[in-house]
Amino acid sequence: MEDLILVTGGAGFIGSNFVLQWIAEETSRVLNFDKLTYAGNLHNLQSVEGQASYRFLQGDIVDRGLLRDLFARERPRAVVHFAAESHVDRSIHGPDDFIRTNVNGTFNLLEETRAYWSWLAENDRETFRFLHVSTDEVYGSLGPSEQAFCERTAYAPNSPYSASKAASDHLVRAYHHTYKLPV
């Protein structure tokens with residue numbers, strides 16, 4: 001297994017900040033896998049372009065064949081999953097892309113990760129991690145006088161975006177409980 005982490009959606013606002021911080025503080029190489037939709041901006045990562053510890057690959061997490069090839073070729077020790085459609089208003093006007101990416105894409109990423117993880121050597125399986133990044137939107141709306149959300153707050157998504165992220169959260173949880181995938 002390579003000393004490489006796979007970051008999906010690493011050109012987005014939060015993903016790119018993660019990539020920059022990771023490269024500044026860690027020694028593992030980063031492969032940034034991003035579709036470059038309206039939310040992705042490679043200008044956020046100009047300061048690390050050309051560094052040996054960073055690579056960019058344009059691609060879509062819905063493409064299982066591409067994911068399968070990527071895992072076989074790159075052999076990451078971790079996946080950090082930021083890739084998502086994330087604009088609430090866009091989800092109201094066109095929810096299809098949100099279901100496709102956030103639900104089907106996360107499912108495809110989980111399936112290809114599980115297949116890859118299952119054939120790793122035992123010590124590599126034990127250290128492998130899949131980190132899924134969610135959103136507070138899965139908890140619904142919070143009034144100014146209400147107590148802050150926490151991990152025990154019941155899910156109450158109010159838009160196609162938040163519902164699609166809640167679905168992806170549940171898939172990730174299920175893959176941990178069903179397959180023992182280290183998420």
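From a predicted model like this one, the values you see are computed outputs, not experimental measurements. The basis for the numbers below is simple: all heavy atoms, side chains too, and nothing from hydrogens, waters or symmetry mates. Numbering starts at 1 and runs along the sequence shown.
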Nearest 0.5 angstrom please: [X] [atom1] to [Y] [atom2], how far?
X: Leu6; Y: Thr113; atom1: CG; atom2: OG1; answer: 7.5 Å
X: Lys35; Y: Ile61; atom1: NZ; atom2: CD1; answer: 9.0 Å
X: Ser53; Y: Leu31; atom1: OG; atom2: CG; answer: 12.0 Å
X: Phe128; Y: Ile5; atom1: CZ; atom2: CD1; answer: 11.0 Å
X: Leu67; Y: Glu111; atom1: CG; atom2: CD; answer: 11.5 Å
X: Phe98; Y: Ser159; atom1: CZ; atom2: OG; answer: 8.0 Å

Mind checking whether [X] and [Y] sit in one hydrophobic cluster, side chains of I, L, V, M, F, W, Y counted as touching below 4.5 Å?
X: Phe71; Y: Val183; value: yes
X: Val133; Y: Leu110; value: no
X: Ile23; Y: Leu4; value: no
X: Leu181; Y: Leu70; value: yes
X: Trp117; Y: Phe107; value: yes

Enclosure of His43 NE2 (heavy-atom neighbours >12, cutoff 6.0 Å): no
Other residues, nucleotides and ligands only: do more than 12 of their heavy atoms fall within 6.0 Å of CD on Gln21? no
State whether the side chain of [X] and the backbone N or O of [Y] hold a donor-acceptor pair below 3.5 Å, judged by distance alone.
X: Thr8; Y: Phe82; result: yes
X: Asn32; Y: Gly10; result: yes
X: Trp22; Y: Ser28; result: yes
X: Glu146; Y: Gly143; result: yes
X: Ser164; Y: Tyr161; result: yes

Can a salt bridge be assigned to the pair Asp124 and Arg77 using a cut-off of 4.0 Å between side-chain N and carboxylate O? no
Between Asp60 and Arg100, does any side-chain N to carboxylate O distance fall below 4.0 Å? yes
Any side-chain heavy-atom pair from [X] and [Y] closer than 4.5 angstrom?
X: Lys165; Y: Pro157; value: no
X: Phe33; Y: Leu109; value: no
X: Arg173; Y: His176; value: no
X: Arg75; Y: Tyr116; value: yes

Between [X] and [Y], what is the shortest heavy-atom contact and its length?
X: Leu171; Y: Val103; value: CD1-O, 3.8 Å
X: Gly105; Y: Val62; value: CA-CG2, 3.9 Å
X: Asn44; Y: Ala11; value: ND2-O, 3.5 Å
X: Glu137; Y: Ser162; value: O-CB, 3.3 Å
X: Ser134; Y: Val138; value: OG-CG1, 3.9 Å
X: Leu20; Y: Ser47; value: CD2-OG, 3.5 Å

Residue pair Thr135, Ser86: steps toward the side-chain contact (heavy atoms from CB on, under 4.5 Å) verdict: CA-CA 9 Å; Thr135 176; Ser86 60; over 6 Å; no
[X] vs [Y] aromatic rings, parallel, tilted or perpendicular, using cut-offs 30° and 60°?
X: His170; Y: Tyr155; value: tilted
X: His81; Y: Phe130; value: tilted
X: Phe149; Y: Tyr139; value: tilted

Tell me every residue that passes side-chain contact (heavy atoms from CB on, under 4.5 Å) with Glu122, counting only those two or more places apart in sequence or in another chain. Arg125, Glu126
Side chains of Tyr38 and Glu85, donor plus acceptor under 3.5 Å: yes
